[in-house]
> 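Got a structure here, written out as structure tokens. Questions coming.
Keep in mind that the numbers below use all heavy atoms, side chains included, and drop hydrogens, waters and symmetry copies.
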Amino acid sequence: MAEESFDNGDCYDLSSLLATEERDFLIRNNGDQVKIKDLIGKTVGLYFSASWCPPCRGFTPSLIEVYKELSSKGDFEIVFVSSDRDEESFQEYFSKMPWLAIPISDEDANENLSGKFNVMGIPHFVILGKDGEVLSNEGVQLVMEYEAQAYPFTPERINQLKEEEEEAKRNQNLQTLLVSGSRDYVITNDEKKVPVTELEGKMVGLYFCVGSYGPCIAFTKKLIELYKELKKKGENFELVLIYLDDDYEDGFKEVLAQISCVALPHKDKKIEKLARYFELSSIPMLVIIGPDGKTLNPDVVELIDEHGAAAYPFTPEKLAELAEIEKAKLESQTLESILVSGEKDYVPVSQLVGKHVLIYFSAHWCPPCRAFTPKLIEAYHEIKAKESEFEIIFASSDRDQSSFDEYYSDMPWLALPFGDERKTELSRKFKVRGIPSLVAIGPEGKTVTTEARHLIGSYGADAFPFTEDHIKKLKEKIEEMAKGWPEKIKHELHEHELVKTRRDNYYCDGCDSPGNSWSFLCKDCDFDLDPKCALKNVEKPKKDENMAETKDGYICEGDVCRKI
């Protein structure tokens with residue numbers, strides 16, 4: 001029997017929710033028992049967590065800080081609902097928690113609560129109000145964003161905090177961004193304190209990074225060059241390091257020494273708040289704050305990657321200027337300008353001029369790459385059979401020569417040599433953010449599309465030559481074909497009936513390739529089959545007295561005849 005679902009505003013009686021026929025108490029980590037009835041009238045948080053869960057172990061210290069601040073009020077309590085697998089793990093984890101718990105021995109109670117509150121992942125924090133009503137099932141996010149300020153976790157309080165945030169954004173300045181509690185300074189590499197007021201009136205870059213992360217290491221080098229160049233020119237620019245790794249203080253000191261800028265202190269509470277405030281989704285990230293204290297540009301990493309110090313001062317006018325320069329570069333792009341580096345002409349490029357060329361960014365260590373490569377090989381042979389003026393160049397992200405050699409040995413096309421510096425430049429030029437990635441270059445040397453991987457996955461060799469006009473005609477052809485497809489099918493790969501459905505950006509459960517336009521879908525199971533997979537091995541509908549099969553493969557039913 002499925003557990004009942006819940007919504008914010010549902011009400012529960014704590015005794016019936018947390019107690020069983022055999023147990024009317026909760027426990028502390030010293031073994032003391034606390035009657036469940038003692039929680040009635042309090043705001044109660046149900047903390048679904050486990051010792052084996054890294055995100056839980058990361059969140060628990062933050063929750064402990066909030067609990068310590070709120071527990072003195074006398075009307076707030078937390079109950080640990082464990083997903084641990086044995087008594088020893090539970091006890092070790094629970095020993096660090098200052099709140100109550102359901103005994104690990106009461107497996108049914110723990111499981112029932114997880115089901116009742118639809119816990120699909122941990123950590124998960126459900127907050128019940130003083131009358132037992134569900135105030136929020138997003139307690140983890142509330143604690144991370146607002147800490148103890150979120151108390152008493154009512155919708156009214158959360159809305160008030162959001163309004164205050166919006167007001168703070170409207171009135172943003174360096175003080176609101178960088179000052180925290182009793183700290184009104186940033187620090188230097190030699191631990192000197194620099195008042196935040198000394199940064200006011202300057203253009204300031206907030207650099208979010210982790211020292212040991214490859215992309216951060218590479219970008220930090222470029223940032224150091226830019227910083228030195230701007231300082232040499234006397235520009236009124238300063239960098240503030242926002243170091244995101246709590247566990248490695250030596251890494252923080254090392255990066256701060258390399259850049260020789262100022263920083264928020266390691267593990268400062270403002271760091272997490274700034275990451276949320278600027279909606280940090282990837283690193284490195286460099287936010288530019290103008291001399292007026294307002295956000296001038298939310299992230300200039302890509303601009304610096306492409307243009308270096310020429311991107312300064314990162315204003316809309318400068319961005320427009322750079323866009324014109326980039327447009328001119330694209331218009332003058334040739335295959336030689338992409339692939340030839342000085343005297344190095346490995347491919348050889350002269351034999352590729354005038355051809356359709358795909359540049360394949362991939363690596364042996366990448367599972368999606370290994371899954372896509374056989375499909376690309378199949379498409380390669382099909383395209384070559386009808387267009388000899390076509391080639392692919394493998395640009396490897398492998399970590400050693402042997403891995404490169406093993407992976408490349410199955411590929412029928414060309415490659416840049418392992419470790420070729422042009423690979424990094426090509427990744428930057430085509431903004432490759434993940435692999436596998438496939439860039440199509442036309443016979444004139446111009447970029448046709450950077451989304452050729454998706455097009456091959458969706459249309460196979462038919463995607464060639466990858467131009468917008470061709471893909472548009474291909475989609476129109478598919479739309480015409482779709483008129484002849486059955487509305488519903490029964491397929492050997494799935495137990496339920498599949499319905500012809502217009503779908504974009506899905507993955508076929510038959511061939512694990514991306515699909516778009518149309519799918520044969522089971523909504524209940526979220527099961528998709530691309531038409532090319534779905535229309536293979538379709539179970540034929542059973543005939544009845546009103547149905548007859550013609551000799552040329554049609555089935556007639558009523559006044560409609562359709563192809564099988």
> Using every non-hydrogen atom in the two residues, find where Ala534 and His491 come nearest and quote the distance to one decimal.
O-CD2, 3.0 Å
> For Gln141, give me all partners under side-chain hydrogen bond (donor to acceptor under 3.5 Å, both in side chains), at least two apart in sequence or on another chain.
Glu145
> Assess the residue pair Met285 and Val287 against the criterion (side-chain contact (heavy atoms from CB on, under 4.5 Å)); give the C-alpha distance rounded to whole Å, side-chain angles, the decisive distance to 0.1 Å, and a yes or no.
CA-CA 6 Å; Met285 177 174 169; Val287 180; 3.6 Å; yes
> Among all residues two or more places apart in sequence or in another chain, which pass the side-chain contact (heavy atoms from CB on, under 4.5 Å) test with Ala275?
Leu280
> So does Asn173 get a backbone contact from the side chain of Thr176, meaning a donor-acceptor N/O pair under 3.5 Å?
yes
> Where do Pro436 and Cys366 come nearest, in terms of heavy atoms and distance?
CD-SG, 4.3 Å
> With sequence neighbours excluded, what pairs up with Asp524 under the side-chain contact (heavy atoms from CB on, under 4.5 Å) test?
Cys522
> Once salt bridge (charged side-chain N to carboxylate O under 4.0 Å, His left out) is applied, do any residues pair with Glu229, and if so which ones, sequence neighbours excluded?
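Counting only residues at least two positions away or on another chain, Glu229 forms a salt bridge (charged side-chain N to carboxylate O under 4.0 Å, His left out) with Lys233.
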> State the CG-NZ distance between Leu521 and Lys488, to the nearest 0.5 angstrom.
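Taking CG in Leu521 and NZ in Lys488, the distance rounds to 12.5 Å.
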> Can you find a side-chain donor-acceptor pair between Asp469 and Thr467 that sits under 3.5 Å?
no
> Could you check if a side-chain atom of Phe394 sits within less than 4.5 angstrom of a side-chain atom of Phe404, using non-hydrogen atoms only?
yes
> Going by side chain to side chain donor-acceptor pair (under 3.5 Å), name the pairs with one or both residues in residues 354-377, residues two or more places apart or in two chains.
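Pairs touching residues 354-377 that pass the test: Tyr360-Ser362, Tyr360-Thr373, Ser362-Tyr407, Thr373-Tyr407, Lys375-Ser513.
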> Return each pair, listed once, that meets salt bridge (charged side-chain N to carboxylate O under 4.0 Å, His left out) where at least one residue sits in residues 387-396; pairs must be two or more places apart or across chains.
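Passing the test, one end in residues 387-396: Lys384-Glu391.
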> Is the count of non-hydrogen atoms from other residues, nucleotides or ligands lying under 6.0 Å from Lys532 atom NZ greater than 12?
yes
> Heavy atoms only: give me the nearest Val448-Ile441 pair and the separation to one decimal.
CG2-C, 4.0 Å
> May I ask you to test the Ile471-Phe466 pair for a side-chain heavy-atom distance under 4.5 Å?
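Counting from C-beta outward, Ile471 and Phe466 never come under 4.5 Å.
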> Residues two or more places apart in sequence or in another chain: which of them pass side-chain contact (heavy atoms from CB on, under 4.5 Å) with Lys386?
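Lys386: side-chain contact (heavy atoms from CB on, under 4.5 Å) contacts with Asp462.
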> Could you tell me whether Glu165 and Lys162 make a salt bridge, using a distance below 4.0 angstrom between a side-chain N and a carboxylate O?
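Salt bridge flag = no for Lys162 with Glu165.
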> If the test is ring pair (Phe, Tyr, Trp, His ring centres under 6.0 Å), which one of Tyr459, Phe390, Tyr380 qualifies with Phe464?
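One option only clears the test, and that one is Phe390.
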> Take Ile289 and Leu177 through the side-chain contact (heavy atoms from CB on, under 4.5 Å) test and state the conclusion after the steps.
CA-CA 10 Å; Ile289 308 299; Leu177 290 175; 3.8 Å; yes
> Does atom NZ (Lys228) have a neighbourhood of more than 12 heavy atoms from anything else shown, all under 6.0 Å?
no
> Considering residues at least two apart in sequence or located in another chain, which fulfil the side-chain contact (heavy atoms from CB on, under 4.5 Å) criterion with Lys500?
Trp485, Glu487, Trp518, Phe520
> Can you list the steps and then say if Asp398 with Ser403 is a side chain to side chain donor-acceptor pair (under 3.5 Å)?
CA-CA 6 Å; Asp398 280 304; Ser403 297; 5.0 Å; no
> How long is the span from the CD atom in Glu378 to the CD1 atom in Ile383, to the nearest 0.5 Å?
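Reported to 0.5 Å precision, the distance equals 10.5 Å.
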> Restricting to pairs with a member in residues 274-303, which pass side chain to side chain donor-acceptor pair (under 3.5 Å), not counting sequence neighbours?
Gln172-Tyr277, Gln172-Thr295, Glu302-Arg433
> Could you work out, with ring pair (Phe, Tyr, Trp, His ring centres under 6.0 Å) as the rule, every residue matching Tyr312, not counting sequence neighbours?
Phe237, Phe314
> Measure the shortest side-chain to side-chain distance between Tyr506 and Asp530 over non-hydrogen atoms and say whether it is less than 4.5 angstrom.
yes
> Are the side chains of Ser397 and Ile435 in touch, meaning some heavy atoms are under 4.5 Å apart?
yes
> How about Met203 and Pro291: do any of their side-chain heavy atoms sit closer than 4.5 Å?
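SC-SC contact between Met203 and Pro291 confirmed.
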> Can you check whether Asp245's main-chain N or O pairs, donor with acceptor, with His266's side chain at less than 3.5 Å?
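Side chain of His266 to backbone of Asp245: a pair is present.
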> Nearest 0.5 Å, please: how far is CG in Leu256 from CD1 in Ile187?
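Interatomic distance, Ile187 CD1 to Leu256 CG, rounded to 0.5 Å: 6.5 Å.
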> With a 6.0 Å cut-off (strictly less than), is the heavy-atom count around NZ of Lys267, excluding the residue itself, greater than 12?
no
> Looking at Lys473 and Glu476, is there a salt bridge between them, counting it only when a charged N and a carboxylate O are closer than 4.0 Å?
no
> Mind running salt bridge (Lys or Arg N to Asp or Glu O under 4.0 Å) on Lys231 and Glu238 for me, showing each step along the way?
CA-CA 9 Å; Lys231 286 289 187 182; Glu238 189 54 76; 3.3 Å; yes
> Tell me, which pairs form a side chain to side chain donor-acceptor pair (under 3.5 Å) where one or both residues lie in residues 249-261, sequence neighbours left out?
none
> Using only atom types and a distance under 3.5 Å, with no angle test, would you say the side chain of Asp268 pairs donor to acceptor with the backbone of Leu264?
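Side chain of Asp268 to backbone of Leu264, a donor-acceptor pair under 3.5 Å: no, none is there.
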> Are the side chains of Leu416 and Ile393 in touch, meaning some heavy atoms are under 4.5 Å apart?
yes
> Can you tell me how far CG of Leu438 sits from CZ of Phe430, rounded to the nearest 0.5 angstrom?
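So the CZ of Phe430 and the CG of Leu438 are separated by 11.0 Å.
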> Determine, for Lys318 against Glu321, whether the closest basic-nitrogen to carboxylate-oxygen distance falls under 4.0 angstrom.
yes
> Return the CD to CD1 distance between Glu451 and Ile456, rounded to the nearest 0.5 Å.
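Result: 13.0 Å between the selected atoms.
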> Quick check against the 3.5 Å criterion: does Thr501 have a side-chain atom that pairs as donor or acceptor with the backbone of Val499?
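Such a contact is found between Thr501 side chain and Val499 backbone.
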> Without placing hydrogens or testing angles, list every side-chain donor-acceptor pair under 3.5 Å for residues 210-225, not counting sequence neighbours.
unit_1: Thr220; atom_1: OG1; unit_2: Tyr207; atom_2: OH; d: 2.8
unit_1: Thr220; atom_1: OG1; unit_2: Cys216; atom_2: O; d: 2.7
unit_1: Lys222; atom_1: NZ; unit_2: Asp305; atom_2: OD1; d: 3.0

> So do the side chains of Phe208 and Leu244 get within less than 4.5 Å of each other, counting heavy atoms only?
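They are in side-chain contact.
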> Between atom CG of Asp528 and atom SG of Cys508, what is the distance when rounded to the nearest 0.5 Å?
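Here the interatomic distance stands at 7.5 Å.
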> Output yes when Glu479 and Arg502 qualify as a salt bridge under the 4.0 Å nitrogen-oxygen rule, no when they do not.
yes
> Keeping the roles fixed (side chain from Thr447, backbone from Thr449), state whether a donor-acceptor pair exists under 3.5 Å.
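Such a contact is absent between Thr447 side chain and Thr449 backbone.
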> Side chains of Val439 and Leu358, heavy atoms from C-beta outward: is any pair under 4.5 Å?
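Not touching, per the 4.5 Å side-chain cut-off.
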> Does a sphere of radius 6.0 Å around NZ in Lys446 hold more than 12 heavy atoms from other residues, nucleotides or ligands, not counting ones at 6.0 Å or beyond?
yes
